[in-house]
Amino acid sequence: MALEIDNIRNQFPQLERKVHDRPLIYLDNAASTLKHISVIEALNNHYTNDVANIHRGVHYLSEHGTIQYEQTRDSIQDLLNAESRCEIIFTKGTTDSLNLVAASFVPHYVKKDDVILISTMEHHSNIVPWQIQAEKIEAKVKEIPITDDGDIDEEAYIELLKEGNVKLVSMAHISNSLGTINDIKKYISLAHDHGAYFCVDAAQSIAHEKVDVQDLNCDFLAFSSHKMFGPTGFGVLYGKEKLLESMPPYQGGGDMIDVVTIEKTTYNELPHKFEAGTPHIAGGIGLKPAIDFLIDTDLNVIKRYEKELLDYATQKINEIEKVQVIGTAKQKASVLSFVVDGAHPHDLGTLLDRQGVAIRTGHHCTQPLMKRFNVSATARASFSLYNTKEEIDIFIKALNKALNFL
Ligand SMILES: Cc1ncc(COP(=O)(O)O)c(CNc2co[nH]c2=O)c1O
C-alpha cells in the first residue's frame with residue numbers, strides 16, 4: 001500500500017496557505033505537526049454544539065461530552081495495544097507526562113544514592129524533571145553517553161546498569177535533534193534485567209511508527225497530541241496498571257477524589273486519580289480523529305514513506321559542500337539536523353523563511369546534546385507524511401540561495 005500524497009495533502013488545510021507570498025513548505029514537524037481537517041472540524045463542532053463540563057454531569061451535553069472524551073481513551077488504548085484503558089492517563093503533553101512520573105514515581109521508588117539514567121540526547125523535559133526530584137532525595141541523575149553518529153553507547157549503558165542502584169531509565173524513542181531511532185525494546189529488557197524501570201519518551205515516535213507498549217514491555221510511555229496532528233495542550237502518559245495503582249496522585253483537586261473530609265481524602269480509581277480538575281475537553285475530543293487518521297493511514301506505510309523523504313533530503317543536502325549533518329545513526333526517523341561553516345543556523349532559518357520554507361533552528365531543548373557535538377545550535381528540517389520530494393527540492397534550492405547570500 002502506498003500513500004496517496006495528493007489526497008493526504010488535501011486533508012491538511014494549512015498546506016494551501018502562503019507565507020511571504022510563497023507557497024508554505026512546512027518542514028518543522030518535530031516541533032509540531034499540522035492539524036488534520038477532521039481535528040479542526042471536531043474542535044469547531046465541540047465548541048459550537050457540545051460545550052459542557054464532563055464526568056458526573058446528569059444532563060445530555062455533559063454525558064455526550066464524557067462519552068466522546070472517553071472514546072479517545074479507548075482509541076489510545078488500541079493505538080498503543082495497552083492491556084487496560086485505566087493505563088491511559090490524559091495530561092497536558094509529553095512534558096506534563098514526564099513530570100507526573102518524576103513527581104509521583106521517584107519519591108516512592110527511588111531513594112538516596114539511587115540512580116536515574118538518561119541519555120545525552122534527551123529533550124530538557126526528559127532531563128529537568130528527574131533532576132528536580134532527584135535533588136530532593138539526594139539521588140543521582142547519570143548520563144548514558146552517545147556515539148559520534150548519535151547512537152546510544154550500548155557498552156557504556158550496560159556498564160552503568162552493572163554499577164547498580166539504577167531504579168529508572170528514561171529515554172527518547174526517537175531523538176528530536178538527531179533523528180536517531182533507539183532500540184528501546186532492547187534497552188528496556190536490559191534495564192529490567194538489572195532491576196530498573198523504564199520510561200519511554202515517545203514524543204517523536206508516536207506519529208512515525210507503530211508503538212506497542214506490551215511488545216516493548218515499557219513501564220511508562222509519554223507523548224503529545226500536537227505532534228500527531230492533534231490539538232496542543234493535550235497528551236498521554238501510559239503506565240503499567242500495577243505501577244500506577246502503587247503511585248500517589250500527582251495533583252489534588254476535583255475528579256481525582258472519592259471521599260473528601262477536612263481530615264483526609266480517599267482517591268478516585270485509575271485513570272482519574274491522576275487527572276485532577278476540568279481537563280482540556282476539546283483537546284481530548286479533538287485527538288480522536290487524529291488517531292483514527294493515523295490508524296487508517298497505516299503507520300508502517302508512513303514510516304516507509306518518511307524514510308524515503310529523509311534519504312532523499314540527506315542525499316541532496318550532502319551535495320552542498322559546507323553542510324555537516326549532525327546525527328548519522330543507521331536507524332533514523334525523519335529529522336535532518338545540520339550546520340554550515342560560516343552560517344549561523346538562525347540566519348539560515350530566517351533566509352529560508354523568507355522563501356516560504358519553515359524549519360527550526362536552535363538547540364531544540366537539547367543543550368547537553370549540542371555541547372556533545374560542540375555546536376550551540378543546528379538547523380533542523382523534519383518531515384511528515386504530507387511532505388514531498390518536490391518540497392525538498394524547493395528547500396535545497398532555497399538553502400543554496402541562502403548560503404550564496406551569507
Ligand atoms: C523528544 C521530545 N520529548 C519531549 C518534548 C516536549 O514535548 P511537549 O511537552 O509537547 O512540548 C519534545 C518536544 N520537542 C520539540 C518542541 O519544539 N521543537 C522540538 O523539537 C520532544 O521532541
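Given the structure is predicted, the values throughout are model-derived calculations rather than measurements. Heavy atoms only: backbone and side chains are in, while hydrogens, waters and symmetry mates are out. Counting starts at 1 for both ligands and their atoms, following the listed order.
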Against heavy atoms of [X], which atoms of ligand 1 measure under 4.0 Å?
X: Ser224; answer: 7 (O), 8 (P), 9 (O), 10 (O)
X: Gln204; answer: 1 (C), 14 (N), 21 (C), 22 (O)
X: His226; answer: 8 (P), 10 (O)

Please state whether the rings of [X] and [Y] are parallel, tilted or perpendicular, taking 30° and 60° as the class boundaries.
X: Phe234; Y: Phe90; answer: tilted
X: Tyr69; Y: His55; answer: perpendicular
X: Phe395; Y: Phe338; answer: tilted

Report yes or no: does Asn99 contribute a side-chain atom to a donor-acceptor pair with the main-chain N or O of Pro129 at less than 3.5 Å? no
For the 3.5 Å polar cut-off, considering only N or O atoms, please tell me whether [X] and ligand 1 meet it.
X: Arg380; result: yes
X: Asn176; result: yes
X: Lys227; result: yes

Side chain, backbone, both or neither: which part of Ala31 has a heavy atom under 4.0 Å from ligand 1? both
Proximity to ligand 1 by part of Thr95, non-hydrogen separation under 4.0 Å: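 Both the backbone and the side chain of Thr95 come within reach of ligand 1.
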Please state which protein non-hydrogen atom is closest to atom 12 (C) of ligand 1 and give its distance, to 0.1 Å?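 In this structure, atom 12 (C) of ligand 1 has His123 CD2, 3.3 Å as its nearest protein heavy atom.
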Below 4.0 Å from any atom of ligand 1, is there a heavy atom belonging to Ser125? yes
Can you find a non-hydrogen atom of Asp201 under 4.0 Å from ligand 1? yes
Taking atom [atom1] of [X] as the centre, report whether more than 12 heavy atoms of other residues, nucleotides or ligands fall under 6.0 Å from it.
X: Gln331; atom1: CD; result: no
X: Glu155; atom1: CD; result: no
X: Lys167; atom1: NZ; result: yes

Take Glu70 and Arg73, measure what salt bridge (Lys or Arg N to Asp or Glu O under 4.0 Å) needs, and give me the verdict at the end. CA-CA 5 Å; Glu70 290 300 326; Arg73 204 182 307 270; 2.7 Å; yes
